[in-house]
Amino acid sequence: MKLLIVWLLNALALLAVAYLVPSIHVAGLGSALIAAVVIGLVNMLIRPVLVILTLPVTVLTLGLFLLVINGLLFLFVGNILSGFEVQTLLGGIMGAILYSLISWALIALLLGNKD
């Protein structure tokens with residue numbers, strides 16, 4: 001049950017990001033739900049590989065290159081889904097940052113620390 005609530009909150013966070021960032025567009029709640037799942041899968045499967053491969057650059061930039069990786073993955077998901085569109089890399093970076101902050105805040109406010 002908690003997983004479904006987190007999924008819905010992530011989709012709502014994605015809709016909020018689309019409202020706040022002009023270069024990100026979401027067709028509706030259904031597209032946001034699908035995009036939330038795909039973003040979660042991409043972050044679980046592809047992101048660790050990219051972090052390992054770009055570790056020297058990440059160390060040289062004191063971790064700031066992780067923002068670029070997150071933005072690229074957000075842009076990638078926007079390119080493979082039809083109802084979710086990310087137009088620029090800067091929009092992807094801003095969207096990834098806002099998405100993580102908004103989803104964290106929603107989950108913290110509504111679910112709290114009930115573990």
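All values reported here derive from a predicted model rather than from experimental measurement.
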About how many Å separate [atom2] of [Y] and [atom1] of [X], when rounded to the nearest 0.5 Å?
X	Y	atom1	atom2	result
Asn70	Leu50	CG	CG	10.0 Å
Phe65	Leu55	CZ	CG	11.5 Å
Leu29	Leu15	CG	CG	6.0 Å
Leu66	Thr61	CG	OG1	7.0 Å
Leu75	Glu85	CG	CD	10.0 Å
Leu8	Leu3	CG	CG	11.5 Å

Quiz item: When the ring planes of Phe74 and Phe84 are compared, do they come out parallel, tilted or perpendicular, using 30° and 60° as the limits?
Solution: perpendicular
Ignoring hydrogens, what is the shortest heavy-atom contact between [X] and [Y]? Give both atom names and the distance.
X	Y	result
Ser31	Val26	CB-CG1, 4.2 Å
Thr88	Gly91	OG1-N, 3.0 Å
Ala32	Ala11	CB-O, 3.7 Å

Exercise. Going by the side-chain contact (heavy atoms from CB on, under 4.5 Å) test, name the single residue among Leu14, Leu81, Leu73 that passes it with Ile39.
Key: Leu14
Quiz item: Among Ile93, Leu98, Leu90, Ile97, which one satisfies side-chain contact (heavy atoms from CB on, under 4.5 Å) with Val21?
Solution: Leu98
Determine whether [X] and [Y] fall in the same hydrophobic cluster, where Ile, Leu, Val, Met, Phe, Trp and Tyr are linked whenever their side-chain heavy atoms lie under 4.5 Å apart.
X	Y	answer
Tyr99	Leu64	yes
Val37	Val77	yes
Leu101	Leu109	no
Leu45	Ile69	yes
Leu53	Met44	no

Quiz item: Does Val86 reach the side chain of Phe76, with side-chain heavy atoms less than 4.5 Å apart?
Solution: no
Quiz item: Are the side chain of Trp7 and the backbone N or O of Leu33 linked by a donor-acceptor pair below 3.5 Å?
Solution: yes
Exercise. Please check if the side chain of Thr54 supplies one atom and the backbone of Val57 the other of a donor-acceptor pair under 3.5 Å.
Key: no
Self-check item: For Ile107, side-chain contact (heavy atoms from CB on, under 4.5 Å) partners two or more places apart
Solution: Val6, Leu9, Asn10, Leu111
Exercise. Determine, stepwise, if the pair Ile5 / Leu110 fulfils side chain to side chain contact (heavy atoms under 4.5 Å, CB included).
Key: CA-CA 9 Å; Ile5 294 171; Leu110 296 178; 6.0 Å; no
